Amino acid sequence: MKTAASDTLALALSAPSDGAEAGRTGQRVVEPASRLAPLVTLFALSLALSGCFYSDAAQVPMATTYPYSEQQRMQAAHHWQVLAEHEAQGILQHSNLRNTPLYVAEQNGKTSGEFARGYRALLTSELVSGGARIRTRPEQAARLDFDVEVIHHSDRGFIRPYPGVISLASLGAGIAVLAAPSSNAGLALLPPAVAADVTSGSWTGVGDEEVIITTEVVDHRHVLYSSSNIYYINRGDREHYAPHQVPKPPPIPKVRLDNRW
């Protein structure tokens, strides 16, 4: 019996364990709990530090964008008439101005361009057609005037293209690639051509020139009506709205000539 027990103990001591066997093969056995321990420690440390530092802090306000919106481009005298019709309706529908005599103010130095002259005439016509009482002299009448302010943006940031432009361009490129080996490759241009023919009337661009047009009715130092509208304008049309803001060309240098060398 003593010999059998000694043999069993010697066999148990000599048998390699799983860890020892894994050590011989060069593999390290890591328990799942030991794997999560560093992550748990890091998470607990970040929670503890969040009370000492503001994670939502910044040195300056961060830039954000506005919701998508649209703005019309004014580039025809008809657009002036549309504005005059809109403002005349607003004035005629105002309860305090329905029976009030109005005097349309003359142009001043700031509003002396083609737009000022045309808009004044168009607004007067629309008001008279709507039944307004227009007087030719300012006495005993509310003063109807308008202000024009041209804005030039010289350094704008990134402006996104119109929704769908990038997707449409990608679709057109894919159709062209698929149709290139075919003998009917020319037919691939038909859908884009039809789409351009249908939608080209709404094409325009975002410019660097804008104009703010404010129409007001003032009576005895009280503003009875005020309406402002903002439009894009073409850069070359600035003189229509603010001729005093049109930059003057540089003077031509003069060279004095004489017979001296």
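None of these values were measured; they are calculated from a predicted model. These numbers come from the heavy atoms of this one structure, side chains and all, not from hydrogens, waters or symmetry mates.
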Next item on the list: Give a yes or no on whether H153 atom NE2 has more than 12 heavy-atom contacts from other residues, nucleotides or ligands under 6.0 Å away.
Entry: yes
Next item on the list: Could you tell me whether Q71 atom CD has more than 12 heavy atoms of other residues or ligands within 6.0 Å of it?
Entry: yes
Next item on the list: Please confirm whether the backbone N or O of L224 pairs with a side-chain atom of H222, one donor and one acceptor, at under 3.5 Å?
Entry: no
Are the side chains of [X] and [Y] in touch, meaning some heavy atoms are under 4.5 Å apart?
{"X": "L83", "Y": "Y231", "value": "yes"}
{"X": "I213", "Y": "M74", "value": "yes"}
{"X": "V82", "Y": "H86", "value": "no"}
{"X": "H79", "Y": "Q72", "value": "no"}
{"X": "E126", "Y": "Q89", "value": "no"}

Shortest non-hydrogen contact between [X] and [Y], atoms and distance:
{"X": "T100", "Y": "A142", "answer": "CG2-CB, 4.0 Å"}
{"X": "S228", "Y": "T214", "answer": "OG-OG1, 2.8 Å"}
{"X": "A77", "Y": "L122", "answer": "O-CD1, 4.3 Å"}
{"X": "A141", "Y": "D219", "answer": "O-OD1, 4.5 Å"}
{"X": "V104", "Y": "R120", "answer": "O-NH2, 2.9 Å"}
{"X": "W80", "Y": "Y119", "answer": "O-CD1, 4.1 Å"}

Give a yes or no on whether [X] and [Y] share a hydrophobic cluster (residues Ile, Leu, Val, Met, Phe, Trp, Tyr; joining criterion: side-chain heavy atoms under 4.5 Å apart).
{"X": "I91", "Y": "V128", "result": "yes"}
{"X": "Y103", "Y": "L92", "result": "no"}
{"X": "Y225", "Y": "I230", "result": "no"}

Checklist line | Between CZ on residue R143 and NE2 on residue H220, distance to nearest 0.5 Å | finding: 13.5 Å
Notebook entry, point to check: Looking at CD1 of I151 and CD1 of I212, how far apart are the two atoms once the value is rounded to the nearest 0.5 Å?
Noted result: 3.5 Å
Next item on the list: Please test L144 against L123 for side-chain contact (heavy atoms from CB on, under 4.5 Å), starting from the C-alpha separation and ending with a verdict.
Entry: CA-CA 10 Å; L144 173 59; L123 185 57; 3.7 Å; yes
Next item on the list: Name all residues meeting the side-chain contact (heavy atoms from CB on, under 4.5 Å) criterion together with V218; count only those two or more places apart in sequence or in a different chain, and write none if there are none.
Entry: E216, V223
Next item on the list: Describe, in one word, how the ring planes of Y241 and F115 are oriented to each other, choosing from parallel (under 30°), tilted (30 to 60°) and perpendicular (over 60°).
Entry: tilted
Check: Looking at D237, I233, N234, which hits side chain to side chain contact (heavy atoms under 4.5 Å, CB included) with E209?
Finding: I233
Enumerate donor-acceptor pairs with a distance under 3.5 Å from any side-chain N or O in residues 129-137 to protein atoms, sequence neighbours excluded.
from, atom 1, to, atom 2, distance (Å)
S129, OG, S125, O, 2.8
R133, NH1, N99, O, 3.2
R135, NH1, Q140, O, 2.9
R137, NE, E139, OE1, 3.4

Margin query: Checking side-chain polar atoms at under 3.5 Å, does N229 have a donor or acceptor matched by the opposite partner on E87?
Written below: yes
